[in-house]
Structures are given as structure tokens and as C-alpha cells.
Asks: 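Sharing a structure with you now.
Because the structure is predicted, anything quoted here is derived from the model rather than measured. Chain A is the first sequence line, chain B the second, and so forth, proteins listed ahead of strands; every chain is numbered from 1.
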Amino acid sequence: MPELPEVEIVTKRLRELIVGKTIIKAQLIRAGLSPENSPRQFAASLKGARVEDVARRGKHILARLSNGRTLIIHLRMTGRFIYLDREAENTPHTHAVLWLDDGKKLLFDDQRHFGLMMVARTAELDRVKYLSKLAPEPFSPEFSPEYLRDTLKRSSQQIKLALLDQTKVVGLGNIYASEALHRAKINPRLPAKRLSQPRVVLLRKEILAVLGEAIANDNQFDVETGDLDSSYGRYDHVARVYEREGQPCSVCGAPIRRITQGARSTYYCPRCQRR
DNA sequence: ACTAAAGCCTGGCTGC
DNA sequence: TGCAGCCAGGCTTTAG
């Protein structure tokens with residue numbers, strides 16, 4: 001499911017719901033969810049820990065615990081958290097459960113089994129393979145026009161593919177990469193190194209704009225389902241090209257085109273994004 | 001070193 | 001209705 005804005009909102013929800021709570025019991029139901037930890041180790045390293053903070057790094061969620069460890073979570077395509085009463089039934093694809101001292105349980109549900117968790121020592125977080133190579137956060141000073149220019153200058157990849165590379169830019173996925181390029185009027189097939197400096201500056205600005213708008217487009221936590229992100233389709237409100245093949249471009253009216261890059265769909269306006 | 005392609009899983013939708 | 005084939009918002013591993 002999620003790219004940076006969706007992960008940001010799930011992170012915020014988790015922070016509101018579980019910071020200060022203690023995990024009284026943890027269970028890893030599908031071992032493959034956390035391949036770096038055995039189910040026993042997973043349960044033992046979470047039990048009794050209080051959640052100190054929940055933060056986001058790229059598309060990863062980091063829950064810092066009172067016992068010197070951090071629970072790292074990646075939702076990938078279909079992973080989601082569900083916050084329910086302790087007595088409630090698990091969902092059909094529950095792969096891990098955290099029981100909290102507030103009478104609730106937090107389920108990790110993942111239909112496609114792509115999601116990942118890892119319990120790591122907080123002091124060694126920088127060395128965790130999932131995190132160590134990530135690019136700077138888009139909203140940090142390190143994600144400067146100079147950084148982006150230098151990074152793209154060294155890549156002969158098509159710009160759309162370079163934007164999906166989390167070692168170059170974090171947080172963009174297939175939707176927001178297409179959207180940022182459309183806003184910046186850049187052809188998705190253009191080799192990254194051929195972008196002029198002013199166009200890099202504009203691209204950076206539009207990346208921040210589209211991510212910011214999607215984050216601002218928050219919705220209410222649905223207590224009924226307990227799903228921390230029940231807003232599938234939030235991106236609809238900011239998407240101008242994604243899944244709009246054949247529809248008129250909101251800027252010039254030309255029909256939006258769909259092409260394949262890296263075995264994935266890219267949507268763009270052939271007139272606005274000629275080069 | 002880089003880049004492209006295959007692979008991981010399940011389920012929903014489309015067209016025959 | 002049944003079924004094959006395609007598609008899905010991510011990332012890693014393998015091959016070149």
C-alpha cells in the first residue's frame with residue numbers, strides 16, 4: 001500500500017495510540033515477517049517493554065522501546081496495523097500480535113506477505129541493513145537541491161526509476177514518483193543525468209509539494225475497524241496522472257498515457273512532459 | 001561499480 | 001460459472 005505520506009499517517013496514529021503503553025505479550029505468527037528474529041526472540045525482546053516513541057524513516061516505522069530496542073516495521077504493499085479490543089477476533093491475515101496494557105491488541109495484518117519487521121538494538125540502528133543505505137529524509141535540510149543535483153548527475157537511469165531508488169530519494173513510490181514528475185513537467189524516461197539544474201530544483205520542490213499535500217489530506221481514525229490507515233485511495237485526491245490513462249491532463253487536456261518502466265506502470269502527460 | 005530483470009506472495013478484476 | 005491471464009501503491013536478489 002503505502003508510500004511516505006501513508007506511512008507518516010500510520011506513524012502518527014501509532015504514536016497517538018501506543019506511546020506510553022507497555023507490551024505485555026507479543027507473538028510472531030508468521031516467522032517470515034521477521035526473518036532476523038526467531039519467534040521466541042521476537043516475543044521475548046518485546047515483552048514488558050514500554051513504547052517510548054514512534055517515528056518514521058523513509059517508508060519504515062520505528063517504535064523505540066524502553067528496553068534499549070527498536071521495533072522496525074515496513075508495510076510494503078499490503079501491511080497494515082489494526083488496533084482492537086483484546087477479545088476481538090484476529091483478521092484473516094494476522095502475522096503478529098502485540099497485546100498492550102490498555103486492554104487492546106495491535107495486529108499486523110498483511111495479505112501479500114511482503115511486509116517486514118525486525119527487533120534491533122536501538123544503539124545499533126544505523127547499522128541495520130534496512131536503514132543504513134537510505135537517502136536523506138525529503139523534509140530534512142540534507143535533501144537539498146545540491147544533494148539531489150549531485151545524486152541525479154551520477155545516474156544514467158531513467159528519472160522515474162531513479163526516483164524509486166530509496167538510496168537516492170526516500171519515500172517516493174510508484175504513485176508519487178509519477179505525480180512529482182508530472183508537476184515538474186519532466187519526461188519520466190529522461191536519463192537522470194540529463195536534467196538541468198533549474199529542473200532539478202523544480203523537481204525537488206514538486207516532490208515536497210506532492211508529499212506534503214498527501215500528508216495534509218489526513219482522515220479520521222476508524223474506531224470500528226481499528227485500521228490505522230483505512231484511507232485506501234487517499235492519493236486519489238492529489239493524483240493528477242496516476243491511474244488516469246486516457247483521461248485529460250488537468251493542465252493541458254491531452255490524454256494521460258501509461259507506459260511501462262522497470263516492469264511497473266508510469267503515468268504521464270505526453271504534451272506537458274515532452275522532454 | 002552500475003543497471004535491468006526476476007522473484008517474493010495473495011487476491012481481485014477482466015475477458016473469453 | 002469457470003478459468004487463464006493480468007494487475008497491484010515495495011524491495012531484494014540475481015544476472016549481465
Asks: What is the distance, rounded to the nearest whole Å, between atom CD of A/Q166 and atom P of C/dG10?
Replies: 8 Å
Asks: Run through DNA chain B and report every stem of 3 or more consecutive Watson-Crick or G-U pairs, distances under 3.5 Å, ordered by first number.
Replies: B:2-8 with C:10-16, B:10-16 with C:2-8
Asks: With a 3.5 Å cut-off and just heavy-atom distances, do the side chain of A/R112 and the base of C/dA8 make a donor-acceptor pair?
Replies: yes
Asks: Need two values: the first and the last nucleotide of DNA chain B, 5' to 3', having an atom under 4.0 Å from any heavy-atom of chain A.
Replies: B/dT3 to B/dG11
Asks: Rounded to whole angstrom units, what separation is found between the CD atom of A/Q261 and the P atom of C/dA8?
Replies: 13 Å
Asks: Using whole Å, what does the distance between atom P of nucleotide C/dG10 and atom NZ of A/K59 come to?
Replies: 4 Å
Asks: For the pair made of NE2 in A/H60 and P in C/dT12, what is the distance, rounded to whole Å?
Replies: 7 Å
Asks: What integer number of Å spans the P atoms of B/dA5 and C/dC7?
Replies: 16 Å
Asks: Using 4.0 Å as the upper bound for N to carboxylate O, is an ion pair formed by A/R258 and A/E243?
Replies: no
Asks: Is A/R64 paired with A/E52 through a side-chain N to carboxylate O contact shorter than 4.0 Å?
Replies: no
Asks: Could you please name the option among C/dT12, C/dG9, C/dA8 that lies closest to any side-chain atom of A/R76?
Replies: C/dT12
Asks: Which residue pairs pass the salt bridge (charged side-chain N to carboxylate O under 4.0 Å, His left out) test when at least one of the two sits in residues 97-117 of chain A, sequence neighbours left out?
Replies: A/K21-A/D102, A/R80-A/D109, A/D85-A/K104
Asks: Looking at A/R50, I'd like to know if its CZ atom is crowded, meaning that more than 12 non-hydrogen atoms belonging to other residues, nucleotides or ligands lie closer than 6.0 Å.
Replies: no
Asks: Quickly work out the A/R264 CZ to C/dC6 P distance and round it to whole Å.
Replies: 18 Å
Asks: Rounded off to whole Å, could you give me the CG-to-C1' distance for the A/L164 and C/dG10 pair?
Replies: 9 Å
Asks: Below 4.0 angstrom, N of the basic side chain to O of the carboxylate: do A/R199 and A/E206 qualify?
Replies: no
Asks: Could you check whether the rings of A/H60 and A/Y130 sit parallel, tilted or perpendicular, using 30° and 60° as the cut-offs?
Replies: parallel
Asks: Report the distance from atom CD of A/Q111 to atom P of C/dG9, rounded to the nearest whole Å.
Replies: 14 Å
Asks: When rounded to the nearest 0.5 angstrom, what distance separates SG in A/C269 from CZ in A/R244?
Replies: 13.0 Å
Asks: Figure out the CG/C1' separation between A/L211 and C/dG9, and round it to whole Å.
Replies: 13 Å
Asks: Is the shortest side-chain N to carboxylate O distance from A/R257 to A/E245 below 4.0 Å?
Replies: no
Asks: So, is A/H74 close to the C/dC11 phosphate, meaning a side-chain N or O under 4.0 Å from OP1 or OP2?
Replies: yes
Asks: Could you tell me whether the side-chain ring of A/Y242 sits stacked on the base of C/dG9, using a centroid cut-off under 5.5 Å and a plane angle under 30°?
Replies: no
Asks: Rounded to whole angstrom, note down the P distance from B/dC9 over to C/dT14.
Replies: 14 Å
Asks: Please report the shortest heavy-atom distance between A/T167 and A/A135, naming the atom on each side.
Replies: O-CB, 3.5 Å
